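Notes to accompany the following structure.
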Amino acid sequence: MGLTTILRGFKVPIAVLDRFLVSNGVEETYGIPPSLLRIPGSSVPPLDAQATFLRAKLAAAGDANSTARIFIPQTQGQARSSYGYVAYAYVMIFSQRRIDLAAELPDQAPPGFAELRREILACAEEGEQALLQVAGMHGGEGEDDASLLYIVLTDEREFPFSRPFMRESDLRCDYCAAVFDCWFDLQNHRSDAHGVKVLNLLPDDF
Ligand SMILES: [Zn+2]
């Protein structure tokens, strides 16, 4: 199965994004969606070089707690996407979920984010201007093109059942309030400590 993400941010041609990254000494994406999986033995999911760079850049612009990431759609059997997304806020959905748009996906981009968009899109070369005008690149009247709302489906990328992608409330035991780093640890705990044995529990709200 794939990953479903709702995000706030901007859409960018992969060719332009990769040129921006390379010009800043960062490896390009090649249009390949970054992995979100934890490395076995590590409690911290890896942060790809591209997101690491974007966060450092946004921190320098005043967004010290940036959680920016790059998302790239992918569908089995189809060619690679020509576009990717730089997000400042995102929600990943495993099964079903309420979304508090104002709190989780605020339409106000953080400091430096609109400038980042301008800087990246300025890497478009002559002959690429049409790439910047396709559907989804620009919002409607009164919308900020740096903080548009998108849904991205990414095949071959799994839902990350761990922090920081999951909310703490999704990783807390309903019986004793213990909090875990990973959904599977919580399920093992529910079974071992409380005798709750439901195989492949479908989450109520994530
Ligand atoms: Zn418990």
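Counting starts at 1 for both ligands and their atoms, following the listed order. These figures come from a predicted structure and were not determined experimentally.
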Relative to each other, are the rings of F113 and Y88 parallel, tilted or perpendicular (30° and 60° limits)? perpendicular

Just to be careful: counting only protein atoms that are N, O or S, how many fall under 2.8 Å of the Zn ion (ligand 1)? 4

When you measure from the side chain of S95 to the backbone N and O of F206, does any donor-acceptor pair fall under 3.5 Å? yes

Pairwise side-chain contact, I72 with R80, heavy-atom cut-off 4.5 Å (strictly under): no

Co-members of I32 in a cluster of I, L, V, M, F, W and Y side chains, linked at under 4.5 Å: Y30

Salt bridge check, D48 against R69: does any charged N sit closer than 4.0 Å to a carboxylate O? yes

Kindly indicate whether a cation-pi arrangement holds for K11 with Y83, taking the cut-offs as under 6.0 Å to the six-membered ring centre and within 45° of the axis. yes

